[in-house]
Protein chains: 2
Amino acid sequence: MSQIPHTSAERPVPTSADVARLAGVSRATVSYVLNGTSAVRISEATRIRVREAADELGYIPHAAARSLRSGSSRMVLLPASPVPVGPLYSRFFNEFQWALRRFDYTVVQYGSLGLSPDEAARAWAELRPVAVVGLGGPQLTAAGIQLLRRSGVKAVITLGPEPVAGAHALAMDHRQVGLCAGAHLLERGRRRIGVVVPREPGLEMFSQPRLAGVRAAVEGSGATVEPLALSYDEESAAALAERWPALGLDAVFAYNDEYAMLLMRALQDRGIDIPGECAVMGADDLLLGRLLRPRLSTVQLDMATGQQLAELVERVVRDPGGEPERHDMMAARAIPRESTQPGRRAPAHT
Amino acid sequence: MSQIPHTSAERPVPTSADVARLAGVSRATVSYVLNGTSAVRISEATRIRVREAADELGYIPHAAARSLRSGSSRMVLLPASPVPVGPLYSRFFNEFQWALRRFDYTVVQYGSLGLSPDEAARAWAELRPVAVVGLGGPQLTAAGIQLLRRSGVKAVITLGPEPVAGAHALAMDHRQVGLCAGAHLLERGRRRIGVVVPREPGLEMFSQPRLAGVRAAVEGSGATVEPLALSYDEESAAALAERWPALGLDAVFAYNDEYAMLLMRALQDRGIDIPGECAVMGADDLLLGRLLRPRLSTVQLDMATGQQLAELVERVVRDPGGEPERHDMMAARAIPRESTQPGRRAPAHT
DNA sequence: TTGAAAGCGATACCAA
DNA sequence: TTGGTATCGCTTTCAA
C-alpha cells in the first residue's frame, strides 16, 4: 500500500526472462545472443533488440545459476594467507591472477582464519571451485585435498615447500634459501652459524626448510648450526643479543631481511661489531637491506612466474586424470654485501 | 564401455538426492536434518540415518544451488587490494573476516587487477554478493555502486577517505595523519615542510589526503608546504637528496615509515644531519622506525576495528533501505622520537 | 513425522 | 531463425 520512495531500491533484480519479455523474444534467444553461441544463427535485428533490452534493464547474469546449469564454475579458489605477504608474493599473486583471467577463470581468495583445515576445506568445497591453489602445510592437508577432489575440484595445486599427497605441487623449495646462505657464510670463513627461527605461527612452513638448508650446507664441513627462536619485537631481539656472547657464534642467518634488521640493531646496540665479530645475513632482498649500515647481505629468490602457474592450472583442469606432477620452481642466490664481509670492521658512519 | 581405473576420480559428486536415497528418505528430510530446521520435527532415528549417509558419501552442499533457491548468498565480497597491504591493514582485515564469519557470512576477496571499474563492478555483481566492502576511489565508483545495488547487493560500504555517492562510508580520513604530522613539526619549530608523495600508482588515495592534512595544519602559521614526488627505490631517493640544499627545507613528512627510512638514508648519505638540519617524520608506527638511528618519529593510526565494521555490514544488510551513513573511524596521534627532536644533533653511533 | 512438487536463473537440446 | 522445455541442486510450502 504505502508507496515507498526508496530511490527504487526495491526494484527486483532483472533476470534473463525480463530481458526476453522486453525484447519480445524467448529466454533461449536471450541466452544465445548474450553468450554469442556460434552454433545458432540469430538475425542481426534480434541481436540488437536483445542487447538494448539487456542494457536498459541493467541485466547482469547470475553466476550461481549459470554454474549450476553448466556444472562447472570456472572459479579458481586461493586460500588467502592470514599473514601479511611481502612484495615478492604480492607481485607473484597479481601476475597469477592476471594470467588466470586471460584463461577466463574467476579468481577468488577465501580467508579461513580460525577454521580448522577440515572446516576450511569444507567451506571451499561448498563453492565448487574448479581449482584450488594454496600453500601446503597446515592450510591444505592430504585429507582436505581428498575432500576437495570428491566434491569435483579438478585441480588442487600446492605452492608449499613440501608436496602434499594427492595434489600437484609447484614446489617452492625453501631449503635452497638456507643452502645459499649456509654456503655463503662458510665461504666467508664463518664456522659457528646461528639461524633465526621466527616464533610467529604460520611461518614454520618456510623457516624450517630454510633451517634445514643451512644444516645441509654445512654438512661435513665441521661448522655448527644453532637454531635461535626470535619474535618480531625489540624485547625478544634484545634478550637474544644479551645471550650472544655466551652463544659464541660468528655468523647468523636471520630468516629474512626484516628479522635480520631487528637482530642486527640489537647486536649493534650491545656493541657487537657487524661483520667484524658476527656476520649477519638476511633473505628476500628487500630494499631495506640496502639501506642498512652495514649493507645487508641477503638471499634473492626467483619465484615461479604467475604465468607458469596459470598454465599449470589450465592444463590440469583440462586433464584432471593425470598423476600429480611436481615442479621445482625456485632458484636462490646469495647477494653478498657488507654485513658478511670477512676480516674488516664495519665502515664508519658519515 | 571402457572401465576407467582412474582411482575413482570419475565418481560423480554426491547430491542431497544421493544422501536421501542411501538413507531411505526424501530429499526434503535430508534438507531438514542437515540444516537443523526447527520448524519441523524429525525423529532421532532418521536424523542419525541421514547424517550417517551424508558422512559416508562425503556429501557437501552446493553453495550456488542453495543461494539460488534461497535468493540470498550471505557472501560478503571484498575487492582485493593490488598493492601489498601493511601489517596494520592485514590485522584489520583478519579481524573483520573473523567477525563476519561469526555473523555467518562467507567472506571472499576478488582481485580485479587490470579491470576497469565498470568491468570490475560487473564481475562482482555476477556473484550476487549480499554486501561489498572496499576501498573507495578508483576501485569503487559511484557508477559501480549503482550497478551493484541494481543487482541486489544490499550493502555497499567504502573504507576510503572520501565517501562515494550511494554507499555507506566508514571514512578512514587520512587527513588526520597529515594534520598530526604537520602540527607536530610546527610545534618543533619547523617552518618549511616537505611532504613526500609516492609515485607508485594506487597510493594517491592515501597520499593526497595526507598531504592535504599537512596543508591544513600549517594554515595561517606562515609555514610552507612542499610536495615531493618519490619512487620507492634508491635512485629516486638519491636524486631527491641531491636537490635537497636547493629546496631549503627543515622538515619532511615522508608519507609512511618505509618512505621515511628510504629518504632518511639518502639524506644521511649526503651528509645532512637528522634531525639537526632536517626533521624526518613517518607514519604507521612500524617496528622498523624504532630500529633506525635516529629513531623515527611517526604517526600512529587507530583504525576501526573489524568488529565494528562487521556490525555495520550486518545492520545495513538487515535494513538496506536506510540513508547512507557516514562514520568517522580513524584517530591518529604523533609519536615523537629522535628524528624530529629540536636543537640537537643526532646521537653518535656506538 | 515424512513426502511430493514447485521453483530459483540460466543453458542447450529438439521441434517447429 | 526462434521457441518450448527439461535440467542443474537445493529449500520450503502444502498434503498426507
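Residue numbers start from 1 in every chain, and the chains themselves are labelled A, B, ... in the order their sequence lines are given, proteins ahead of strands.
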Short side-chain N/O contact from A:Y32 to OP1 or OP2 of C:dC13, under 4.0 Å: no
On DNA chain D, more 5' by nearest nucleotide between B:L68 and B:T37 is B:L68
So which heavy atom on A:Q109 is nearest to which on A:A80, and how close? NE2-CB, 3.9 Å
Counting distance only, does the side-chain N/O of A:S31 pair as donor-acceptor with the main-chain N or O of A:R27 below 3.5 Å? no
Any base atoms under 4.0 Å from A:S43, or only sugar-phosphate, or nothing? Heavy atoms, all strands. sugar-phosphate
Specify the separation, in whole Å, of atom CZ of A:R21 and atom P of C:dA10. 12 Å
Whole-Å gap separating P (C:dC8) and NE2 (B:H62): 18 Å
To the nearest Å, how far apart are B:R69 CZ and C:dA10 P? 16 Å
When rounded to the nearest 0.5 angstrom, what is the spacing between CZ in A:R128 and CG in A:L68? 10.5 Å
Rounded to the nearest Å, what distance is computed from the CZ atom of residue A:R74 to the C1' atom of nucleotide C:dA10? 17 Å
I want to check one thing: is the phosphate of C:dT1, taken as OP1 and OP2, less than 4.0 Å away from some side-chain N or O of B:T29? no
Return yes if some donor-acceptor pair links the side-chain N/O of A:R326 with the main-chain N/O of A:A171 below 3.5 Å, else return no. no
Please classify the nucleic acid contact of B:S31 as base, sugar-phosphate, or nothing, using heavy-atom distances under 4.0 Å. base
Taking any heavy-atom pair under 4.0 Å as a contact, classify B:V40: base, sugar-phosphate, or nothing. base
Classify A:R66 by what it touches in the nucleic acid, base, sugar-phosphate, or nothing, heavy-atom distance under 4.0 Å. sugar-phosphate
Between B:R128 and B:V25, just flag the one whose closest nucleotide in DNA chain C comes earlier from the 5' side. B:V25
Spacing between A:N35 atom CG and C:dA12 atom C1', to the nearest angstrom: 11 Å
Would you mind telling me which residue lines up with the more 5' stretch of DNA chain C, B:T46 or A:T15, judged by nearest nucleotide? B:T46
When rounded to the nearest 0.5 Å, the distance separating CG of B:L312 from CD1 of B:I157 is 4.0 Å
For A:I60 and C:dG9, give me the distance from atom CD1 to atom C1', rounded to whole Å. 14 Å
Under 4.0 Å between a side-chain nitrogen and a carboxylate oxygen: does that hold for A:E95 and A:R91? yes
Could you tell me the boundaries of the chain A footprint on DNA chain D, defined by atoms under 4.0 Å from its heavy atoms? D:dT1 to D:dG9
From CA spacing to verdict: side-chain contact (heavy atoms from CB on, under 4.5 Å), A:S112, A:W124: CA-CA 9 Å; A:S112 17; A:W124 301 335; 3.4 Å; yes
